[in-house]
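The structure appears below as structure tokens.
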Amino acid sequence: MKKIAVLTTGGDAPGMNPAIRSVVRYGISKKLEVVGVMRGWWGLINEELKVFNHHSVSGIINQGGTILKTGRCPEFRTKESQDRAFNTIKKYSIDGLIVIGGNGSFTAAHHFGTKYGVPCIGIPASIDNDINGIDATIGTDTAINTALSAIDNIRDTATSMERIFVVEVMGRDCGFIALSVALAGGCEDVIIPELKPDWEKIYHDIVQGNIRGKVSWIVIVAEGAGRAVDIAKQITEATTLETRAVVLGYVQRGGKPTAFSRDLALRLGEAAVDSLLKGEKDLAVGLCCSKIKNVDFATAIQKKEIRAEYWYNLIKTLT
Ligand code: F6P
């Protein structure tokens, strides 16, 4: 292994930059040449590469986003694009590829790596925390703290004006962010893709809370389970109580990575390079029970089990 490449793909996540820094600097310390691929799979298809040195990654450890840029690349599903990407790998004598991204990125890396014999190692980075077999993806902790800070602010208005709020957080297929902020924010209910909502109970709880004199009520909804605006309307109609909707959206994806997101990124960067040096391929490195371990891509891309009922019951018990 002499030359490796690194790319970021899918939605940006806070901590991608520290992960790039770690891959580049640790790779160089192991006498590897490290090349950055711009714009995810697009960069491989269109030969957009940058040779990195130690200084190329200076000053990025505390920055959200990714200096390599990122994006979704549906074209990478076609054979023509994959052939072009493989030609770039051959032309630039790249011996191994590190893919920083989420579920969709690992699915692509799994197919591309096995089909063309390119050793690929994944570093899980997505605010959704949707990679199976590991505890935490890079960026989730930052996104949760950003959302939580907004929810704390909303609580002030909810309490002062005695209102119900429905707050929509990110999470297309995975309700992890919603469960985490609902518990940490002391929220009264949460709606996620993994659990079918019991609307009658939700309305009943709100009305009973109101009768008891409860002055604020926050329902968190993961975007994959419904839209805040529709749910707020539904609640107003069913309970006759004033309900407002807030969509937190992309503010959750940006911003300075927290210490947890940075440390995780820096540790996983090292582990991914080591993995390539050991001759490993077709797997992701990830945090599991406080240790870094390997998870085959085939396992990592399965639907993640988030113990939704356990979180939900705790949230409801503590409100
Ligand atoms: O990266 C994960 C995520 O933020 C999801 O929570 C969300 O559904 C999706 O990305 C949004 O994707 P895009 O940035 O392509 O609109």
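In each ligand, atom 1 is the first atom listed, and ligand 1 is the first ligand listed. Reckoned from all heavy atoms, side chains included, excluding hydrogens, waters and symmetry mates. Sequential numbering from 1 along the given sequence is applied to the chain's residues.
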Next on the checklist: Tell me which pairs pass side-chain hydrogen bond (donor to acceptor under 3.5 Å, both in side chains) where either residue lies in residues 127-136, with sequence neighbours left out.
Outcome noted: Asn129-Lys304
Next on the checklist: Going by side-chain hydrogen bond (donor to acceptor under 3.5 Å, both in side chains), name the pairs with one or both residues in residues 257-266, residues two or more places apart or in two chains.
Outcome noted: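 Residue pairs with at least one partner in residues 257-266: Asp141-Thr258, Thr142-Thr258, Thr142-Ser261, Thr258-Ser261.
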Item to check | Geometric cation-pi criterion, Arg307 with Tyr310: 6.0 Å, 45° | outcome: yes
Checklist entry - Is it true that Glu242 and Arg244 make a salt bridge, defined as a side-chain N closer than 4.0 Å to a carboxylate O? => result yes
Checklist entry - Around ligand 1, what residues show up once you keep those with a heavy atom under 4.0 Å from it? => result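 Heavy-atom contacts below 4.0 Å: Gly11, Arg72, Ile127, Asp128, Met170, Gly171, Arg172, Glu223, Tyr250, Arg253.
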Item to check | Full working for salt bridge (charged side-chain N to carboxylate O under 4.0 Å, His left out) between Lys30 and Glu270 | outcome: CA-CA 10 Å; Lys30 291 288 174 182; Glu270 178 203 46; over 6 Å; no
Item to check | side-chain contact (heavy atoms from CB on, under 4.5 Å) partners for Thr243, two or more places apart | outcome: Ile164, Val166, Ala232, Ile235, Thr236
